[in-house]
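Here the structure comes first, spelled out in C-alpha cells, and everything after it is commentary.
Not measured: the values here are computed from a predicted model.
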Amino acid sequence: MKEKKEFNQQEYIEDWKKKNMKQVKATYKTEFVEEFKEACSKLGISQSNVIREAMQRTIDKAKNK
C-alpha cells in the first residue's frame, strides 16, 4: 500500500513560484535607490507596483510598434 504524503502548503507555494514566477534584478547607486524608496513612501505606493507599471507600459508600447 502506498503511503499518502501530507499536504505541505509552504512546499506547494515554493514549487508554484519556481514554475510560475521570475525576478527582475537591477543595481543602481545607493543615493538613487534611497531617493526612489523615499518617493514611493511619500506617494504611498509600493516599489513593486511602480516597477510593474513601468514594465507593462514598455510591453504595451512594444506591442503598438
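- Two residues are said to be in side-chain contact when any heavy atoms from C-beta on lie closer than 4.5 Å; Met55 and Thr58 fail this criterion.
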Start with the C-alpha gap between Glu35 and Glu31, add the side-chain angles, then the distance that decides, and say whether side-chain contact (heavy atoms from CB on, under 4.5 Å) holds.
CA-CA 6 Å; Glu35 191 173 12; Glu31 308 84 46; over 6 Å; no
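- Under the 4.5 Å side-chain heavy-atom criterion for Ile, Leu, Val, Met, Phe, Trp and Tyr, Leu43 and Val50 are members of the same hydrophobic cluster.
- Between Glu38 and Lys42 there is a salt bridge, since a side-chain N of the basic residue sits under 4.0 Å from a carboxylate O of the acidic one.
- Under the 4.5 Å side-chain heavy-atom criterion for grouping Ile, Leu, Val, Met, Phe, Trp and Tyr, Met21 is not connected to Val24 through any hydrophobic cluster.
- Across Asn49 and Arg52, no two heavy atoms sit closer than the pair OD1-NH1, 2.8 Å.
- Counting heavy-atom neighbours within 6.0 Å of Phe7 CZ, excluding the residue itself, gives a total above 12.
- Judged by distance alone, with hydrogens and angles left aside, the side-chain atoms of Ser41 form no donor-acceptor pair with the main-chain N or O of Lys37 at under 3.5 Å.
- Residue Lys19 holds its NZ atom at 12.5 Å from CD of Glu14, rounded to the nearest 0.5 Å.
- Rounding to the nearest 0.5 angstrom, the gap separating the CD1 atom in Ile59 from the CD atom in Gln56 is 5.0 Å.
- Between Glu11 and Asp15 there is no side-chain heavy-atom pair separated by less than 4.5 Å.
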